[in-house]
Every structure is written in C-alpha cells, then in structure tokens.
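FYI, the numbering just counts along the sequence from 1.
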Amino acid sequence: MLKACLNGGRGRDAHPAVPVTPTELAVDAARCAALGVAAVHVHPRDASGAESLRPEVIADALTAIRATRPGLPVGVSTGAWIAPAPADRVAAVRAWSVLPDFASVNAHEAGAEAVAAALHGRGVLVEVGLWTLDAVEAYRGWRVPAGRILVECMAEAVPVALADAARILDALPSRGIPPVLLHAEGPATWAVLADAVSRGLHTRIGLEDTLLLPDGTPAPHNAALVTAALAAGAH
C-alpha cells in the first residue's frame, strides 16, 4: 500500500502547495487517489490554521474528502503536540461525530494506550507509531490491538535512518503482528521508501514527509511526490 501524507504539521510558509482547508485537502486527496494511492493521512486544521482534534474540525475535513473521493480510506493523527493532555485526546476521540477510517497513535507518548483504546472502542483502526526501540517495548505491553504498525524513521542522516529501520523491524515480534508501513521524514525519506519497497512493506509519501523529489529538486505538489514514489516501485 502507498499512502499519501498530505500536510502534517506544515503550513504554507513551508510550501505554497500544502493543503490546509477541508476543500484543499479534498482536492489533493482526490488527485493522489487518481494516481493510485490506497489511502490518505491528513492533519485537519481549525480556522486559525492550527492542528486540531475537535469534532467539528475532524468532521469538516473527513466529510470534504469523502464527498470528493468516496471510498478512499482517510486517517488522522492523534499526536500529543495537537493536544498534550492524554485525557483531552481521549475525550476528543470519544466526541468525534464523523470517524476516520484509521488514526495514528505514537507509542512513546504519554497516554498512548488510552488513546488507542478510545479509537478501538469506536471502531477506528489504530496505527501504532514506533519511532524507537523503547517504543517497541512500550507497544509490546499494550492490550489494545493495532491494525497497522508505522515504523517511523526520524533521523535526518540516511545511514542512521536505515539502521534505525532495521533495528525497529528486527525488534518486532516474529509472528502475529499487523501489516507494517515503513517511512521516514526529511532527507532520509526517499532512501527509506526504497528500503520499504525492497522489503515488500507498505510505505507513504507526501509533503508531510518531504518537500523534495528524489533528485533533490523541489516538489511542486503532493501529486508529483506520489508519481515519483510509484515510479520508484511503491504501490
């Protein structure tokens, strides 16, 4: 599976083509889906442009995307930087009036399992984000089932990111784990995407992860990044 990660925490100050509003997210999601991505991951914004987990913000983004591209699976983030208090993240999930198909939860964050339990209780597929070996150990103790594992390499140096990917993948249980999506952010994005392809793992691409095409030139938009990822063998 190739997933498009459309915006993340970036704003227009980072790139003029970063989608922010529900309409922009919907148009971008439809363009990427037409190219062949299997799902999109978005960070909905409030009227001020700030990431938000509020029910109306989540609903507006999801409704716009689904109206433009019916049937496309859509996921959101529950990162602690959006709502630092675990209780606030749990309350937000329980209050959502429109549900995403999946949502990511970073295992190293305080209250991660409680947020995952709230999502699972509402029928939302949980993507557990693993950034470190300590996060793998934290996830091993979860009683909440995950629908997908995100091995997320945050190191900027390519050799370090690839080594981190190998260590985290090797630390995962050998049996009974959900599908794995491997990706990086920043300078290591394309090298780790190639590693994911070579390993036969799911991966993702988009302006959340990188602003550059594989040759180092600026990407004009998410669709260009998706096209490059497909050319590199992602699917």
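Look at Glu127 and Lys3 and you find a salt bridge, because one of the NZ, NE, NH1 or NH2 atoms lies within 4.0 Å of a carboxylate O, short of that distance. Between Arg167 and Asp170, no side-chain nitrogen of the basic residue sits less than 4.0 Å from a carboxylate oxygen of the acidic one, so the salt-bridge criterion is not met.
With side-chain heavy atoms closer than 4.5 Å counting as contact, directly or through intermediates, the hydrophobic cluster containing Leu125 also holds Phe102.
Asp134 and Thr132 form no side-chain donor-acceptor contact under 3.5 Å, judged by distance and modelled atom types alone.
The main-chain N or O of Ala223 is found under 3.5 Å from a side-chain atom of Thr227 such that the two form a donor-acceptor pair. Between the side chain of His202 and the main chain of Met1, a donor-acceptor pair closer than 3.5 Å is present. Thr78 contributes a side-chain N or O that, together with a main-chain N or O of Ser104, makes up a donor-acceptor pair within less than 3.5 Å.
Take Arg12 and apply the side chain to side chain donor-acceptor pair (under 3.5 Å) test, not counting sequence neighbours, and it matches Glu24.
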Report task. Under the salt bridge (Lys or Arg N to Asp or Glu O under 4.0 Å) rule, what do Glu51 and Arg45 come out as? Steps first, then yes or no, please. Result -> CA-CA 4 Å; Glu51 295 178 62; Arg45 313 296 177 82; 5.1 Å; no
Report task. Would you please test Leu150 and Leu130 for side chain to side chain contact (heavy atoms under 4.5 Å, CB included) and show each step? Result -> CA-CA 6 Å; Leu150 308 180; Leu130 302 177; over 6 Å; no
Check residues 151-161 and write down every donor-acceptor pair under 3.5 Å in which the side-chain atom is one partner and the other belongs to a residue at least two apart or another chain.
unit_1 : atom_1 : unit_2 : atom_2 : d
Glu152 : OE1    : His183 : NE2    : 2.8
Glu152 : OE2    : Trp131 : NE1    : 3.2

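Residue Val57 is not grouped with residue Val18 when hydrophobic side chains (ILVMFWY) are merged at heavy-atom distances under 4.5 angstrom, including chains of intermediate members.
A side-chain contact (heavy atoms from CB on, under 4.5 Å) with Val42 is found for exactly one of Ile65, Asp28, Ile58, namely Ile65.
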